[in-house]
Number of protein chains: 2
Amino acid sequence: MLRLSWIALLSVVAFAQAPRPVLSPEVHADRKVTFRLKAPNASEVMVSRAGGPKDAMTKGDDGVWSVTIGPLAPDLYTYSFAVDGVNQLDPNNALMVPNLLNSSSSMVLVPGGMPWEVADVPHGSVHHHYYKSGVIGDQRDYYVYTPPGYDDRAKKQYPVLYLLHGFSDDASGWTAVGRANVILDNLIAQGKAKPMIVVMTLGYGEPAYVAKPQPAVRDAGMRERNMTRFRDALLNEVIPAVEKEYRADKNRMQRAIAGLSMGGGESLFTGLNALDTFAWVGAFSAGVGSDFSTNFPKLNAKSSSGLQLLWIACGKDDRLIEPNRKFVEWLKANDIRHEWKETEGAHTWLVWRRYLAELATLLFRERTS
Amino acid sequence: MLRLSWIALLSVVAFAQAPRPVLSPEVHADRKVTFRLKAPNASEVMVSRAGGPKDAMTKGDDGVWSVTIGPLAPDLYTYSFAVDGVNQLDPNNALMVPNLLNSSSSMVLVPGGMPWEVADVPHGSVHHHYYKSGVIGDQRDYYVYTPPGYDDRAKKQYPVLYLLHGFSDDASGWTAVGRANVILDNLIAQGKAKPMIVVMTLGYGEPAYVAKPQPAVRDAGMRERNMTRFRDALLNEVIPAVEKEYRADKNRMQRAIAGLSMGGGESLFTGLNALDTFAWVGAFSAGVGSDFSTNFPKLNAKSSSGLQLLWIACGKDDRLIEPNRKFVEWLKANDIRHEWKETEGAHTWLVWRRYLAELATLLFRERTS
């Protein structure tokens, strides 16, 4: 019989000394969610969900504020508390949103069989690589998802999706919040996506772009470096490293690039100016820019005829919907084949996980014109 | 010339709408550190460092509380704010401490050439694996560090350190907070540690042990399952998976196990009851238990003569110092070779990173008796 009394004592002591923990978030079987926060001296506490409303919370006698909302549709919601107008994450929730500028958001999963929920299927692995960029000059990183079965198939080559995050994310964004590895695990298990490698690299070509304190102004030079040096590091450093270390198919037909917001802008800028490198390009709520002929000087009907898919999506309530519509009009006017999806939603992960889940089913497959 | 005006507009719009950000933490060249927090309606705000004092903060006219402390010795400090007695992390600091029970701590690095600081040396990679445990019944994970050069040396086998976290950590604890990969990168580059694989697996044999809400009582059965099922999953699931997927040396002389706190207890329980499996055992501020003869029934001078190293360390100010001293007395009384280090410090990562940095230089080397 094991005697673990000191471990038990330690935990009893630890908990006796700690204040009674607050349970938050609490997801109910009917998909309602209760949020709680201890803030005994606050005058006003609200909870706000990304892409959703703010809800006022009510103070209890014990100084714990709470509110129950819903039922909510199954999803992975990002939320913050605002305590007398100051945002903070939920201190009682282990699921935090990684961000290079602030730590103010938490996540709650309302389950319902969605592609980003961990299921009892074979799982791929996520590899975290660190390197010093000669192009950019900093110590940086990238993640590589290898699909289930990768290690057992010693000769098989895999197509590669380069998947880029948005502004203020770090390189973990697509796994930690986007749950890209979980989405791919599920789609692959269902036969809906081809087994593929997914590379998720840090996006900033100019580290000052996301430094703290934030620059008061981003001059044109900084914005340009953020894009062009990112592109150079991807093409000259990350892709060669991936193709050396992983059984990545080097044929352009097996290479895709997609991203969200700033990463969508980077995907378009990198992909549509390197049509000999990528055959599949995806843009999720992308920062498309406005001077398309200048940004994509070599893109026309002829040069894009080898593009298997240019897939562009944006939510109706996104601030970037008008630039995206203009970009699509420009593509139409120039006879450049593409797929355009205006969806419900705004500039949030609620749409980006869905966009990945959809695009992943289209990549690397035969295309009917 | 790139036109990225919409990206620029997006960022200007985003920042125009956001309140002026607070800079925190601010590390000065003289190693003083300024902490700031906006809490306009609070009556009292303090900052407390793990293993260190609490410092009162002063409210400014703009509702931003601040304090400057130090100079501090170079280290990676964990801290929290207490706002009217309620703990929270620093919302303006991207470096958060992952924890399964709460999200209330942030980290600040005061640099000074320490082993946990990223240096311009070759970096290893960290691989994140997900699997369903048949022994424990849940979906869980483990991390594997492969040292620099691992991919280039197609035939070389490596020794393996199984490195375990403490209670309320998740499997990322040793990398996210312990910076084990950075420490190993630096020690290997300096020739102070042998290139090795490090496996950092989730520690709980009983998921209810760390569930929320926390169980009011941990009965003996729960505590036993937490230990024994962890041990079974490690020996029967994780080690075979690692040895299948990585070029891990299967000789017991090339297999080490070490851990902190709960993980230290697990290392002792697993390692000292499987002397045919491990030749190196480390315990950092370990939950050693108290009934040693019952917990280590087969351990004696003879059976432990093949142990290359039993390395035990604990801080003088740790609540577990007395149980650790008693364990060492028992080892001495039973003629079981060991190394015992009483150090400065308490039950914090400030000691555990140092213990790893020291133990890693000793592992897998010739031992002079």
Side-chain angles (χ1 to χ4, degrees), chain A residues 1-8 10-11 13 15 21 23 38-43 84 86-89 91-94 96 99-104 118 120 123 125-132 139 151 167 212-214 218 223-224 227 245 262 265 287-291 294-295 319-320 323, chain B residues 1-8 10-11 13 15 21 23 38-43 84 86-89 91-94 96 99-104 118 120 123 125-132 139 151 167 212-214 218 223-224 227 245 262 265 287-291 294-295 319-320 323:
Chain A
M1 165 71 182
L2 222 49
R3 296 290 172 82
L4 294 166
S5 45
W6 275 105
I7 294 176
L10 175 69
S11 49
V13 166
F15 289 111
L23 181 62
K38 184 160 187 173
N41 288 21
S43 308
D84 293 329
V86 179
N87 286 338
Q88 63 168 82
L89 53 67
N92 292 291
N93 184 354
M96 307 180 282
N99 188 284
L100 287 173
L101 292 185
N102 61 62
S103 299
S104 300
V118 177
D120 195 3
H123 301 301
S125 302
V126 178
H127 313 271
H128 196 176
H129 298 283
Y130 304 85
Y131 84 107
K132 181 172 178 180
Q139 297 278 351
D151 291 301
F167 176 73
K212 299 178 79 175
Q214 278 276 274
R218 286 192 177 76
R223 297 196 306 268
E224 178 142 9
M227 184 68 78
E245 192 166 334
M262 175 184 88
V288 290
S290 57
D291 205 335
T294 306
N295 294 348
R319 284 172 297 201
L320 292 177
Chain B
M1 166 73 186
L2 223 49
R3 294 293 171 81
L4 294 167
S5 46
W6 275 106
I7 295 178
L10 175 70
S11 49
V13 167
F15 289 110
L23 181 62
K38 183 160 187 172
N41 288 20
S43 308
D84 293 328
V86 179
N87 286 336
Q88 64 168 83
L89 54 66
N92 292 292
N93 184 353
M96 307 180 282
N99 188 283
L100 286 174
L101 292 185
N102 60 63
S103 298
S104 300
V118 177
D120 194 4
H123 300 302
S125 301
V126 179
H127 312 271
H128 196 176
H129 299 284
Y130 303 84
Y131 83 107
K132 181 173 178 179
Q139 296 279 351
D151 291 299
F167 176 74
K212 298 179 78 176
Q214 279 277 272
R218 285 192 179 76
R223 297 195 307 269
E224 179 143 7
M227 184 69 78
E245 192 167 334
M262 175 183 87
V288 291
S290 57
D291 206 334
T294 304
N295 294 350
R319 284 171 299 201
L320 293 177

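It should be emphasised that the depicted structure is a prediction, and the values quoted were computed from it without experimental measurement. Here is how names work: the chains are called A, B, and so on, in the same order as the sequence lines, proteins then strands, and each is numbered from 1.
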**Prompt:** Tell me, side chain or backbone of B:Asn93 under 4.5 Å from chain A's heavy atoms, or both, or neither?
**Reply:** backbone
**Prompt:** Any chance the side chains of A:His127 and B:Ser125 put a donor and an acceptor closer than 3.5 Å?
**Reply:** no
**Prompt:** Does B:Asp84 reach the main-chain N or O of B:Ser43 with its side chain, forming a donor-acceptor pair under 3.5 Å?
**Reply:** yes
**Taking every non-hydrogen atom, the tightest pair across A:Val288 and A:Asn295** = O-ND2, 4.3 Å
**Request:** Let me know if A:Asp120 has heavy atoms under 4.5 Å from chain B in its side chain, its backbone, both or neither.
**Result:** both
**Prompt:** Which answer fits B:Tyr131, side chain, backbone, both or neither, if we ask what part of it has an atom under 4.5 Å from a heavy atom of chain A?
**Reply:** backbone
**Request:** Measure the CD-CG distance between B:Gln214 and B:Leu101 for me, rounded to the nearest 0.5 Å.
**Result:** 4.5 Å
**Request:** Against chain A, label B:Val126 side chain, backbone, both or neither, depending on which of its atoms sit under 4.5 Å from a heavy atom there.
**Result:** both
**Fill in**
To the nearest 0.5 Å, atom CD of A:Gln88 lies from atom OG of A:Ser104 at 8.5 Å
**Request:** Considering only heavy atoms and a distance below 4.5 Å, find which of A:Asn99, A:Val118, A:Asp151, A:Asn102 pairs most often with chain B.
**Result:** A:Asp151
